Number of protein chains: 2
Amino acid sequence: MKDTIDPTESLDRAIGVLRERGERVTTARRGVLAILASTTEHLSAERIYDEVVDRAPDVHRATVYRTLDSLVNVGVVAHVHLPHGPAAYHLLDSGARPHIHLVCRECKSVIDTSADLLDGAAASVLETIGFELDPDHVALTGWCAHCRSEARA
Amino acid sequence: MKDTIDPTESLDRAIGVLRERGERVTTARRGVLAILASTTEHLSAERIYDEVVDRAPDVHRATVYRTLDSLVNVGVVAHVHLPHGPAAYHLLDSGARPHIHLVCRECKSVIDTSADLLDGAAASVLETIGFELDPDHVALTGWCAHCRSEARA
DNA sequence: TTCGATGCAAATAGTTTGCATTCTA
DNA sequence: TAGAATGCAAACTATTTGCATCGAA
């Protein structure tokens, strides 16, 4: 059982999925995926653009947005809409469990927590009003442990 | 026990709070509050601006944004950041319970549900990682009953 | 060789800000 | 009449789109 992720492996896997689906593998797509595979962080489109441009200066910002959109549709990338600021993208690695995003209202950091956190709420809201929760696309807000202890001090 | 809300009463109450806090009661503030008091819907700043301009044509869009911000700080108005589209504002009526917002990914409609929906999740996340959930500021996404049955048909 | 992906420029939505002026308290 | 709130213009952030061109399959 491994608990570290190999960037190269993640990248190859994502590109493999693209090929399986008959999607084209271009410089822009490869670049975006490489950036996403290199971190477990959640990156904004702008941030991804900055990094991709370092390697491939010709890639345009609009292409990054379109690429991200395609990758989300293909299912190798997911995005979360955070309460403030831009959408955050991350690789949907098959090795990684779906997770829920917690955003600290103070330091804006994004914390991943297990997807089953909302299982109870999902069941409840489905039963009472027929609303089907999509926990993977949800961002919750509040205050992280660090900022809470800072506030106390 | 009343289950309808009197717009005039809500408006007067909100304005009362402003005065209590030593906040100024201006045409713009009165206008924004009147719109918010007239509905239980969640309105975007743009929508509020449109409605306010009908009554008070001189009120500027920027003023509506600043006014909403002030009203949020005073505590008579709350806003939620929805996954797509603009922030949604609503009156924080003392008669109204705090509630959680569900957004349908299909029809974009906003559904209120009881705040205690996330009590379990809040307790869990506080205990495990020391994160303090702020359920009033949270928007959850998914598919509403109506769109789910549409999809089936 | 074809059609999807890209580069570029321009537009769009949502929101914020600096500054002079107005108006509430 | 002091200073907070406003009007206006302009900037800003995040994102999208039309169109001609390019390049992966």
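Quantities reported herein were computed from a predicted structural model and do not represent experimental measurements. Proteins come first, then strands; the chains are lettered A, B, ... in the order of their sequence lines, and each starts at number 1.
Side chain of B:R13 to backbone of B:D93: no donor-acceptor contact under 3.5 angstrom is found. A donor-acceptor pair is defined here as one N or O able to donate and one able to accept, closer than 3.5 Å; no such pair exists between the side chain of A:T39 and the backbone of A:L36. In this structure, the side chain of A:R55 does not engage the main chain of A:G31 through any donor-acceptor pair within 3.5 Å. Using a distance-only test at 3.5 Å, with no hydrogens or angles considered, a donor-acceptor pair links the side chain of B:T128 to the main chain of B:S124.
Scanning for side chain to side chain contact (heavy atoms under 4.5 Å, CB included) contacts around A:A62 gives A:H60, A:R66, with sequence neighbours left out. Applying the side chain to side chain contact (heavy atoms under 4.5 Å, CB included) rule to B:S114 yields the partners B:D116; only residues at least two apart in sequence or on another chain are considered.
Each end of the helix from C:dT1-D:dA25 to C:dA25-D:dT1 yields a helix axis from five base pairs, and these two axes differ in direction by 40° (to the nearest 10 degrees).
Between A:Y89 and the choices A:L43, A:I35, A:V72, the side chain to side chain contact (heavy atoms under 4.5 Å, CB included) rule is met once, by A:V72.
Atom CG of A:L82 is separated from atom NE2 of B:H81 by 11.0 Å, given to the nearest 0.5 angstrom.
Per the geometry, CZ belonging to B:R47 stands 13 Å off P belonging to C:dG14, to the nearest Å. The interatomic distance linking A:L43 (CG) with D:dT15 (P) rounds to 13 Å, in whole Å. Between the CD1 atom of B:I15 and the C1' atom of C:dT24 there is a distance of 14 Å, rounded to whole Å. Look at CD1 on A:I48: it is 14 Å from C1' on D:dT15, rounded to the nearest Å. Nucleotide D:dA14 holds its C1' atom 13 Å from the CG atom of A:L82, rounded to whole Å. Separating the CG atom of B:L18 from the C1' atom of C:dA25 is a distance of 13 Å, rounded to the nearest angstrom. Here D:dC12 presents its P atom at 21 Å from NE2 of A:H84, a figure rounded to the nearest Å.
Closest-nucleotide positions on DNA chain C for B:S44 and A:R29 were compared, and the one nearer the 5' end corresponds to A:R29.
Looking at heavy atoms from C-beta onward, B:L102 lies out of side-chain contact with B:V110 at the 4.5 angstrom threshold. You'll find the side chain of A:L68 stays beyond 4.5 Å of the side chain of A:H79, heavy atoms only.
For the contact set between residues 70-81 of chain A and DNA chain D, defined by any heavy atom under 4.0 Å, there are no members.
Residue pairs meeting the ring pair (Phe, Tyr, Trp, His ring centres under 6.0 Å) criterion with at least one partner in residues 11-54 of chain B, sequence neighbours excluded, are B:H42-B:H90, B:H42-B:H99, B:H42-B:H101.
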Nucleotide by nucleotide, 5' to 3', does protein get under 4.0 Å of the base (B), only the sugar-phosphate (S), or neither (-) in nucleotides 16-25 of chain D, counting heavy atoms? BBB----BBS

